[in-house]
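See structure below.
Reckoned from all heavy atoms, side chains included, excluding hydrogens, waters and symmetry mates. From a predicted model like this one, the values you see are computed outputs, not experimental measurements.
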Amino acid sequence: MDILAQLFRGKINPTDWTPESEEYRRRLKKSGDIGHALSADLTEEQNKLLDQYMDARLDMEILVHEDLFRRAFLLGMQMQKAVTVISEQEEA
């Protein structure tokens, strides 16, 4: 199955990809630890506000990542076009 068919059928979902590095895992754990420590010291109302803030930040980050993905995809297409032009010129 070609890549476009896989993408269309939902078999490829770039939003599911996460770094596999030890650095990423370490920072993820640190972030979680800080979040747990912070929420333990907050009142219920403050925790609700923190959750709302985190949800709003996540929504914003999703928009940023969607735009970055779109721009990177277009850049890749432009690069492919340039390579094709160069290849055709070399063959001529």
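- A single hydrophobic cluster is seen to contain both L4 and W17, as judged by linkage of ILVMFWY side chains at heavy-atom distances under 4.5 Å, directly or through other members.
- For the pair I62/L58, a side-chain contact is recorded, criterion being any heavy-atom separation below 4.5 Å from C-beta on.
- Smallest separation of non-hydrogen atoms from L50 and L42: CD2-CD1, 3.8 Å.
- A distance of 9.5 Å separates NZ of K81 from OG1 of T84, quoted to the nearest 0.5 Å.
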Can K48 and D51 be said to form a salt bridge (Lys or Arg N to Asp or Glu O under 4.0 Å), step by step? CA-CA 5 Å; K48 286 180 186 177; D51 286 342; over 6 Å; no
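- For I3, the CD1 atom is loosely surrounded, since the number of other residues' heavy atoms within 6.0 Å does not exceed 12.
- Residues F73 and M77 have side chains in contact (heavy-atom distance under 4.5 Å, counting atoms from C-beta outward).
- Nearest approach of E20 to R25, heavy atoms of both residues: O-NH1, 2.7 Å.
- No more than 12 heavy atoms of other residues, nucleotides or ligands lie within 6.0 Å of CD in E44, so this atom counts as exposed by the packing criterion.
- For the atom pair CG of D2 and CG of L7, the computed distance is 10.0 Å after rounding to the nearest 0.5 Å.
- Salt bridge status for D67 with R70: present, with a side-chain N to carboxylate O gap under 4.0 Å.
- We find the CZ-OG distance between R26 and S21 to be 8.5 Å, quoted to the nearest 0.5 Å.
- No donor-acceptor distance shorter than 3.5 angstrom exists from the side chain of S31 to the backbone of R27, with no hydrogens or angles considered.
- Atom CE of M60 has more than 12 neighbouring heavy atoms from other residues, nucleotides or ligands inside a 6.0 Å radius.
- Distance check: Q46 CD to L38 CG gives 9.0 Å after rounding to the nearest 0.5 Å.
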